[in-house]
Every structure is written in structure tokens, then in C-alpha cells.
2 protein chains.
Amino acid sequence: MDVLEHTAQPKRERAGRGARREQRSHGPRGLGRPYIVRNIPTYDILGEESLIRIEETADRILAEIGIEFRDDPVALDHWRRAGAMVDGVLVRFEPGMLREILRSAPASFIQHARNPARSVEIGGKSVVFSPAYGSPFVMDLDKGRRYGTIEDFRNFVKLAQASPWLHHSGGTICEPVDVPVNKRHLDMVYSHIKYSDRAFMGSVTAESRAEDSIDMARLVFGRDFVDQNCVILGNVNVNSPLVWDATMTAALRAYARANQAAVIVPFILGGAMGPVTNAGAIAQAHAETMAGCALTQLERKGAPVIYGNFLSSMSLRSGSPTFGTPEPAIGSMVVGQLARRLNLPLRCSGNFTTSKLPDAHAMNEGTMSMLAAVHCGANFILHSAGFLDGLLSMSYEKFVMDADFCGALHTYLDGVTIDDNQLALDAFREVGPGSHFFGSQHTLANYETAFWDSEMADNEPFEKWEAAGSVDAATRANGKWKKMLAEYEAPPLDEGIDEALKDFIARRKASMDDAWY
Amino acid sequence: MDVLEHTAQPKRERAGRGARREQRSHGPRGLGRPYIVRNIPTYDILGEESLIRIEETADRILAEIGIEFRDDPVALDHWRRAGAMVDGVLVRFEPGMLREILRSAPASFIQHARNPARSVEIGGKSVVFSPAYGSPFVMDLDKGRRYGTIEDFRNFVKLAQASPWLHHSGGTICEPVDVPVNKRHLDMVYSHIKYSDRAFMGSVTAESRAEDSIDMARLVFGRDFVDQNCVILGNVNVNSPLVWDATMTAALRAYARANQAAVIVPFILGGAMGPVTNAGAIAQAHAETMAGCALTQLERKGAPVIYGNFLSSMSLRSGSPTFGTPEPAIGSMVVGQLARRLNLPLRCSGNFTTSKLPDAHAMNEGTMSMLAAVHCGANFILHSAGFLDGLLSMSYEKFVMDADFCGALHTYLDGVTIDDNQLALDAFREVGPGSHFFGSQHTLANYETAFWDSEMADNEPFEKWEAAGSVDAATRANGKWKKMLAEYEAPPLDEGIDEALKDFIARRKASMDDAWY
């Protein structure tokens, strides 16, 4: 297959004149990059001693309390052979044992896209933005909130594909509830392959669905290639606190067995699935995530795996979960430090909020949450675009707002370049005190790529904005996603592969009755 | 005066049971603190070598190009006596000279409030949130945008006073355009003293107005106290690039002469008043700010002074200034490092945006901008609440949204506490795998202060939110500021002081004709 003939190489920024010319011909800075290579350090908020205390607490949770692995005898067998203490479904671990097992996991790997120019590195200094995942509902300003359908699903795949600031097609962008539960994964994976040429995620809701997803990837990339390279991710959740159920462990083992990357994510709402105190929730998350990551290595040593992070809090007034609040933001920074001490790629959550509209509340929480993911060193940022309504709804308007913010973050993560051109001493000599820089040589040579210029912001003077109808951000976003869908162009897909996928889906569907739950 | 009998001591968090009891009785964490003492490190993005290159560029700008000090012979005389090269109005400085002069400025100082429990520390690990400053217009959802009046000014002083999450009353919160230009400062300073018991800022638009502001502070705090303690700030702007005009230098000297703190702020829109490249704009800002800060020390050695930061960018499509974009956010982090290397307190700008409404655009940019100020180590964050419309309008709704976010930042800046209670090992022992933490001992002991609970966010389930009228964030904010104004209670003010202030204002106004520009 020609899509496999060369391995994707990110276009990293080059210093000097050549790089500037390249940027200019591509428009805003960062456009066309398959992912970001961060040029600012991570924001490390805790010192060594505090990190060790959290790690020790995680070790004591693992050794003294343990984690249940329910209904998965293969997982229990793995643990037994690795030397863990297995008592029924409860598994306990000697301090340091999981860290030792995790030494075989790669610190960084490439997830290949069917368009090799869009393959992404996950690990190290890379940052990959992926759409939100898992909402049963969708929303837009015209039709309000309703259950998601396969048409919505395809729309979001198309919007992600059409956005220059996302790097990944995501997974279950919304639940297509008009397709039977047991057949959905086939249509979702097909949509990712058909309507996007970016990397994507497969199903985890049953071992067979994980295997179907991987089989479909094999039809695209070839069986041998898939055995040696990561082409699909599977996002599995801990049943926090301290329980891994068989659906998830079977799925993560299926991905690992195929040398594909499982993303191991605790799901802790403090006060419910974990303690109300942040340090305790972080220690728990660390214990649960290490156990899941280590299980992938027991299934297949050296398989890629991603250390995932999900912390949240509760409203004490309403008892509702909250998102985009300060505790998980700060917690993410600590989790990032813990993941780096294990030398594992890190997944964080992006734009979270409880708002039911793409309003000020939504972007206040979303921006705080997204910046925490960016600062903490996350390599794979799931939920980068679209979420509203406490993760229950994908919003068309919020999706394009968030994608635009992902664009701003390209510039942000470039940091500050320190060289003679950027320091601009000649410009000061040319302009001098009291003049302006508009027409200076230095400005003319640099202005085209100088500043991030949001497509969604309205920077016009008030009078001009008012004369144009006083349009708010949500209404602009409403026009934007419609324009993007109208102008969407499908990436070319080899006809033979397309046929093979359709045939596979038809055969698999024919073997199943419809199941709606 | 009894307000001066004790010096304010911030209620810092104490570890252990006593602190938790104290917090509980005060409601959400951080409530009642006069300012924040940060418990997370600053976010330092550049290494030593890069910082030195910026400092060297600033030194070369100062030595080779120089700064003009226009129409202020006293300032030129200061520079001459300090050993600078003065050629007409152009002043050039040997490398390192300004840094040497700045060694006499305090790294930290207390700005006293008339209520000593509300005095603030400015410097070190302190973070002080102050309202936005300088808009000619005000806005609300009911009446739209119009010129500000003294009634609006008083309203914003009252809203700041009523907000538990701001620490300072600010300065020119909006321009009261219904008061003659030459008399405004008297009514503004009076409003701060009368309707707030927090620390505040005085006028800088003429030397006499600066002196009037300080004289009014003397009526409150006593002449001798003011000579030895900071009770008022004056925010002065460089006429970037590389020009200080006499209005500003005379004002900054007036504040310094009275031992009050000038805030020295460049005003650089990249591509206009500075280069389009971030590193160059930062070097310029550093040069301009150092010169202004040093001038305060020549006027009065040891006077408090605040190193200010203001960077912004331009839209390349419209030519309009932009705010809340990634370049200034990243630039702030670098400026913070430079200020700390001078051992000076740092001022940054908070919630900036070009949006003309309190919408998603406003809070996306505002949140990014505010978090940059918090991360970069700013001690005094001007413009923490209220700005819309590219700094031209104070919004009532945005003010209360921003103030609520300031509340979230109290929790954020507390970071993660690592102790046995927070690590919660006993809670895991109690709950075990697969259960929940709702009713656990540990939850009951900690839940009341566990999580930030925004007053402005709606965390309810969708159905409940919809049944309550599907209210968006801006509409909630509209109700909130009206409620705050309706419930506002003026802090007590000594009648003798009040009379003295009124008498001073009447005499000063009687000595002036009305001037409207």
C-alpha cells in the first residue's frame, strides 16, 4: 500500500530564513504540522519529596488494599505469574513491582495515520489534540440537544478532518444511538477511516469489538505492519475505585496483544469514586493506572501504552459532578510529573465544562482545563474539542471554538524564540524612540507569521462589530461549522480498501442480531 | 486613628485540624483572605542563557539607542547626577547601571488599607487581584454600551468591595465622563475611600492630581504614617517606544517622593509601539520599565515601586489590537522571570479580550490571559475583573464572572497539600475496592472545604437547567451584579475623616474651572 511507503516525519520548525519562508507560504504559524513539538517546559508544581509521598501512598494502596480484577481469569493468571498476591479477584502488589514491569513500555511511539504525513508521535515533547469522546447527546444552536446519530458522528469526523488545529480523528466522538449497540463500533471505525485520513481510536466496549476495530485497521495498513506498528488506540477506563472489570481488561489486552496502544484512564470524581482530597485522588489514580498499564505489558511485553489521567470534583451545593474546576487542573500538573517519572506517554482531558451552552461559563472552564492539559505535559489530549454539559453532549459550536483555541495553543507551545531576528535590535536602531514600527524593515520581514490570528475572535472596533449585527461568539461558531461541513472534502481512500472494509462490516453485521443495550 | 492601630496580617492557611475548622466556618477555601499567598511555583519557561540574552539586548537598547525623557528637567537632572549620558532629552545608560540603582527598591511591601484586615502585601509570593482600569465606556446587558459616569464608577467600587475574591479597589475603574477631566480624580479617590475599605490607586494624569490623591490618603491615614508606609498606588505608562513624557514622570516622581508606590508599565502593541517579534518586545519592555523604576529611586531612594508588564499583539487581518492571545501570555512568563531577577514586585494584566460581549470569546481570551498573570508570578494583577471590548469597556456582567474566576484561582494557587489527611490512606482502608466515598468518615471530615464551588457556574443536570429556563452565563451574571448592588453595605468610615475629605474636595474644586479635555 502506498500510504505505508514512508514513515511520517513531523515538520518541525527550522530556525532562520528558510523556516520563515516556509511558514509564510503555509499561513499562520503551525499550520500543516501533524502534531506539536512543545518548545516550553512542563509546569512542574511539586518537589521530589512530595512526589515520593504520593508514590508511596499509591504503593501502599496497591500492597495493603489492592485492586480487584473481576471476571477475567486471564488477567488474574498474568498477575499470578508475575508474582502478585492474588486472593480471589483481589490482587495486591509488592511496592515497586508495577514500576519494574512498566520498564518494558516505550516512552514514545508513532501512531500511524493512513496518510503518513498525518502520523503522530505520542510521548516525549509531542502534543496531539483529539476530539472529545463518548457523549450520548449532540447539540447545536438550531436544534438544541438530542441523541447523537451516525450522521452526527460523521459530521464530527468531517469537522475534525477539516480543522487544521486538530491532529487526530478521535474515537467515539458521539454515540450513534440510531445504530444497534453491538454494531456501532463497525460504523464508527469505518467513518474514521473513510472521512478522515488522520489517526483514530477503536472500540473497547467488548473484546470482540476491540478485535473488530483492530481487524479493520489491518485491512487498511496490512497485518504485518500492524503487528509491528501502532495504528489504533483503545481508551479503557478503570471502574474506580480500585476495580478493573473484565470488559475493560479484555479490551486492553486485545489492544496490547495486537501491539496497539491502550490508553489507561481512571475515572475519579472526588468524593464519589475517590477521596474528596486531591492528593488522595491522585495517589489512587496513580495506583489504578499503573496496574492497567502493567497488565498490557504482561499481555505483550513492549506494547505501547498511554498513562491516562482523569480527575474531577463535585458541587457541594448540588451534588453534581463539576468539570473545568481548579482542583483537577492542579491535579493534572502532579499527574504529569508522576507519568514522566514512569517514562510513559501521558493522556489528559482537554476542554471540560458543565455548561449547557457554548457560553462564557463553557469557555472559562474549558480554557482552564485545556491549559492544564497543555501545561502538565500531556502528549495525547483527548476531549480537545466539543464537550459541553458535563461530558454528556457534543456541541457543534463548541467544537469549532475549541478547535480554534487549539490553533492558539500551537503558537503558545512554540514559546519564545531567542535569536537576533526575534530580539530585533536592528529594528530599534531603525525606528528609535517615539516612532512606530508599522512600516519598519523588521516588521515587513516578520509580520506575516508574527501573531496568532484567531478565525473565531472578533477583533474589530465596537462600531464595526455593531454595524455588522452585534454577533456573539456562539453565532459565529454556528456559521463556521456549517461552512466547514459544506466545504468538506473527503480525503482519497483506496477503492480496494474501501470495498474490503465494507465487506468486513457486512459479514460481521450479518453474524449478529441487533442489540440495543 | 484606630484603623492604624494594628498592621494587617494575612490569614495564612495553617496545617491540620485547626485550619480546617477555621476554613469551614468561613465557607469556601480562601474566603476572607486579604490576598493570596501562592503555594505553587511560578511557571518559568526560559533558561538562564536566554534570559541573559534578553537582558543584554535591553542593556544595548538603553546604551546604544536610549530613552527620551521629554519636558521634565527634574528627571533629566536626576539622570545626569546618576551618571547617565544625557543629550538633550535623550538619555543613555551604561549596561548594568539601572540594575544597580534598583537595588534600593524593596522586593516586597505592604500597601495599607483603611481597614487593616484588608491591607495587602505586594511582592514575594503574594497575589493581589484588582479590578480593571481605564475604560471610557461601560456596558451591561440591559443598556448596552455607553460612556461611564461617576455612578458607574461608584457601582464598580461597590461591586469590588462586595466581592470576596478581589483584594483591591483599583483605580480608574471606568472614566466618569460626567465629571470635568480636571476634577475627576477627586471624586474617584473619594469613592474608593467612601465605598470600599480596601487599598486603592490614585490619579496620574497630572502631577497636581497625583498630589491631590496622595493628600486625600494623608487625610485618611495621617501624614506621618503615609511618609513611612505605602497607602496608595499610581499606575504610570511609558509612551512606548522608548519615550517617557513629563506627565508620567512627574506623576511617578510625586508618588515616589511621598514614599508611595508607582507602578511602571510599558504599553506595547507588537508591530506598533514595539517590534512584531515577542523577544524584541520583551527586551524593549524590560528597558523601559527598568528606566521608570530606577527614576523612582532617584527621586526617593527606597521608595516602593512595582515592575509592570503589558504586552499585546495585533490582528494581521484587521490591523486591530488583540488581547488575550498566546504571544502576550507566553511573554508574561518571561517578563515574570526578568522581574524576579531584579528582585522587584511584579504587576501583570488579568482578564483581557477584544470581545464586545460577555460571551465564549471573552472568557476564552480572558481566562488564558488571567492564568498567564497567575502563572508568571504577578504580585499585583490589575485588570482582574471587568474588561471587554479591547480595554475600552467595563462590563457589569463580565466583572462578576471574572470575580468568580478569581475565587477559583484562590483554590488553584493553593496547589496540592501533601499530608496524611490529604493522602487519605485511611479512607481507602475504610472504603475498599468498588465502593464509594460518599458517606465515608474521611469525606464527612473534609467535604465542606474540599472543592471550589463556583457561584456563577451552573452544574445542574441538563433537564433541571432547562426546566429553570435554560439561562446562560451572561444572564446569570446580570442577575448577580444587581443582587450584589442591592445588598451592598458601605463599610463604616470615621465621620471626621469623611468631613475632612469632603472639605478638601470642595476647596480643590473651587480653585479650578471646569476642564473637559
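All values below come from the heavy atoms of this structure, side chains included, with hydrogens, waters and symmetry mates left out. Letters A, B, ... mirror the listed sequences (proteins, then strands); counts begin at 1.
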*Asks:* Please flag which part of A:Glu455 lies under 4.5 Å from any non-hydrogen atom of chain B: side chain, backbone, both or neither.
*Replies:* backbone
*Asks:* Which bit of B:Leu392 is near chain A, if near means a heavy-atom gap under 4.5 Å: side chain, backbone, both or neither?
*Replies:* neither
*Asks:* Determine the option with the most heavy-atom pairs under 4.5 angstrom with chain B, choosing from A:Ser313, A:Ala283, A:Ala424.
*Replies:* A:Ser313
*Asks:* Under a 4.5 Å heavy-atom cutoff, which of B:Asp458, B:Ile40, B:Asp472 has the most pairs with chain A?
*Replies:* B:Asp458
*Asks:* Among A:Thr354, A:Ile418, A:Asp453, which has the most heavy-atom pairs under 4.5 Å with chain B?
*Replies:* A:Asp453
*Asks:* Any idea which of B:Leu388, B:Thr325, B:Ile282, B:Thr322 has the most non-hydrogen atom pairs under 4.5 angstrom with chain A?
*Replies:* B:Thr322
*Asks:* I'd like to know if A:Arg145 pairs up with B:Glu463 as an ion pair, taking the criterion as any Lys NZ or Arg NE/NH1/NH2 lying under 4.0 Å from an Asp or Glu carboxylate oxygen.
*Replies:* yes
*Asks:* Can you confirm whether A:Pro326 sits close enough to B:Phe451 that some side-chain heavy atom of one is under 4.5 Å from a side-chain heavy atom of the other?
*Replies:* no
*Asks:* Heavy-atom cut-off 4.5 Å, strictly under: side chain, backbone, both or neither for A:Ser240 against chain B?
*Replies:* neither
*Asks:* Using non-hydrogen atoms and a 4.5 Å limit, figure out which bit of A:Glu397 sits close to chain B: side chain, backbone, both or neither.
*Replies:* neither
*Asks:* Where on A:Thr353 is there a heavy atom nearer than 4.5 Å to chain B: the side chain, the backbone, both, or neither?
*Replies:* neither
*Asks:* What do the steps show when you test B:Thr277 against A:Asn446 for side-chain hydrogen bond (donor to acceptor under 3.5 Å, both in side chains), and what is the final call?
*Replies:* CA-CA 7 Å; B:Thr277 51; A:Asn446 288 281; 5.8 Å; no
*Asks:* Could you tell me whether a side-chain N or O of B:Gln422 sits under 3.5 Å from a main-chain N or O of A:Gly280, the two making a donor and an acceptor?
*Replies:* no
*Asks:* Which bit of B:Pro275 comes within less than 4.5 Å of chain A, counting heavy atoms only: side chain, backbone, both or neither?
*Replies:* both
*Asks:* Return the minimal non-hydrogen interatomic distance between B:Tyr412 and A:Ala329, and the atom names on each side.
*Replies:* CE1-CB, 3.9 Å
*Asks:* Give the ring-plane orientation class for B:Tyr43 versus A:His375, where under 30° counts as parallel, over 60° as perpendicular and anything between as tilted.
*Replies:* perpendicular
*Asks:* If we only count heavy atoms from C-beta on, is the B:Tyr447 to A:Met314 side-chain gap below 4.5 Å?
*Replies:* no
*Asks:* If I measure from the heavy atoms of chain B, does A:Val334 come under 4.5 Å with its side chain, its backbone, both, or neither?
*Replies:* side chain
*Asks:* Are A:Pro433 and B:Ile65 side-chain neighbours, meaning at least one heavy-atom pair lies under 4.5 Å?
*Replies:* yes
*Asks:* Which value, rounded to the nearest 0.5 Å, describes the distance between B:Ser393 atom OG and A:Phe462 atom CZ?
*Replies:* 6.5 Å
*Asks:* If you count heavy-atom pairs under 4.5 Å between each of A:Phe137, A:Phe323, A:Phe405 and chain B, which one has the most?
*Replies:* A:Phe405
*Asks:* Sub-3.5 Å donor-acceptor pair from the side chain of B:Lys356 to the main-chain atoms of A:Pro461, do we have one?
*Replies:* no
*Asks:* Do you know which of B:Ser315, B:Ala427, B:Gly270, B:Ala408 has the most heavy-atom pairs with chain A at a distance under 4.5 angstrom?
*Replies:* B:Ser315
*Asks:* Does a side-chain heavy-atom distance below 4.5 Å link B:Asp420 with A:Arg53?
*Replies:* yes
*Asks:* Among A:Ala457, A:Ser50, A:Ala474, A:Gly366, which residue has the highest count of heavy-atom pairs closer than 4.5 Å to chain B?
*Replies:* A:Ala457
*Asks:* Against chain B, work out which of A:Met401, A:Glu327, A:Lys398, A:His436 has the most heavy-atom pairs shorter than 4.5 Å and name it.
*Replies:* A:Glu327
*Asks:* If we only count heavy atoms from C-beta on, is the B:Leu357 to A:Trp465 side-chain gap below 4.5 Å?
*Replies:* yes
*Asks:* If we count only N and O atoms by modelled type, under 3.5 Å, do the side chains of A:Asn364 and B:Thr367 hold a donor and an acceptor together?
*Replies:* yes
*Asks:* Less than 4.5 Å to any heavy atom of chain B: does that hold for the side chain of A:Pro241, its backbone, both, or neither?
*Replies:* both
*Asks:* Should we say atom CD of B:Gln441 is surrounded by more than 12 heavy atoms from elsewhere, each under 6.0 Å from it?
*Replies:* no
*Asks:* For chain A, find which of B:Asp359, B:Leu269, B:Leu242 contributes the most heavy-atom pairs closer than 4.5 angstrom.
*Replies:* B:Asp359
*Asks:* Only pairs of heavy atoms separated by less than 4.5 Å count here; which of B:Met368, B:Glu68, B:Met333 has the most with chain A?
*Replies:* B:Met368
*Asks:* Heavy-atom distance under 4.5 Å between the side chains of A:Gln284 and B:Phe428, does that happen here?
*Replies:* yes
*Asks:* Among B:Asp44, B:Asn39, B:Leu413, B:Ile61, who wins on heavy-atom pairs under 4.5 Å with chain A?
*Replies:* B:Ile61
*Asks:* Check each atom of A:Ala362 against the heavy atoms of chain B and say whether the ones under 4.5 Å are side chain, backbone, both or neither.
*Replies:* neither
*Asks:* Do B:Leu423 and A:Glu56 have side chains that approach each other closer than 4.5 Å (heavy atoms only, starting at C-beta)?
*Replies:* no
*Asks:* Applying side-chain contact (heavy atoms from CB on, under 4.5 Å) to B:Arg429 and A:Arg60, what does each step give before you reach the verdict?
*Replies:* CA-CA 10 Å; B:Arg429 289 205 184 92; A:Arg60 291 187 65 182; 3.0 Å; yes
*Asks:* To the nearest 0.5 Å, what is the distance between CE on A:Met363 and CD on B:Glu365?
*Replies:* 9.5 Å
*Asks:* Would the distance check show the side chain of B:Ser320 and the main-chain N or O of A:Asn459 forming a donor-acceptor pair, the cut-off being under 3.5 Å?
*Replies:* yes
*Asks:* Between A:Met273, A:Glu49, A:Glu460, A:Arg70, which shows the greatest number of heavy-atom pairs under 4.5 Å with chain B?
*Replies:* A:Glu460
*Asks:* Which answer fits A:Ser440, side chain, backbone, both or neither, if we ask what part of it has an atom under 4.5 Å from a heavy atom of chain B?
*Replies:* neither
